[in-house]
Amino acid sequence: MALDGDGNEKTYHDTVIIEKKEMGWFITEYISGSPWRTMKMP
């Protein structure tokens, strides 16, 4: 949950893509639901 530009609470949802490989589960993609610029996965 975060505050929008008007000070109202707003819920944003992120998306995480995971893949199962021999050694376990790995995050292969992360998509932020935030309207602000966020860090990207390498």
Side-chain angles (χ1 to χ4, degrees):
M1 198 173 274
L3 296 178
D4 66 13
D6 296 322
N8 300 310
E9 286 186 357
K10 180 137 179 145
T11 301
Y12 300 101
H13 299 276
D14 296 346
T15 301
V16 177
I17 307 298
I18 58 174
E19 291 182 14
K20 187 173 184 186
K21 300 188 178 187
E22 288 182 24
M23 303 208 42
W25 291 91
F26 295 88
I27 296 173
T28 58
E29 187 175 352
Y30 170 79
I31 303 165
S32 174
S34 172
W36 300 283
R37 185 160 59 172
T38 58
M39 302 272 302
K40 291 185 177 183
M41 286 185 57

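The figures here come from the full heavy-atom set of this structure, side chains too, leaving out hydrogens, waters and symmetry mates. The structure presented is a predicted model; accordingly, all values stated were derived computationally and were not measured.
Considering only residues two or more places apart in sequence or on other chains, Asn8 meets the side-chain hydrogen bond (donor to acceptor under 3.5 Å, both in side chains) condition with none of them.
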For residues 12-19, tabulate all N or O donor-acceptor pairs below 3.5 Å that involve a side-chain atom, not counting sequence neighbours.
{"from": "Asp14", "atom 1": "OD1", "to": "Gly33", "atom 2": "N", "distance (Å)": "2.9"}
{"from": "Asp14", "atom 1": "OD2", "to": "Tyr30", "atom 2": "OH", "distance (Å)": "2.5"}

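Residue Met23 belongs to a hydrophobic cluster whose other members are Phe26, with links defined by side-chain heavy atoms closer than 4.5 Å.
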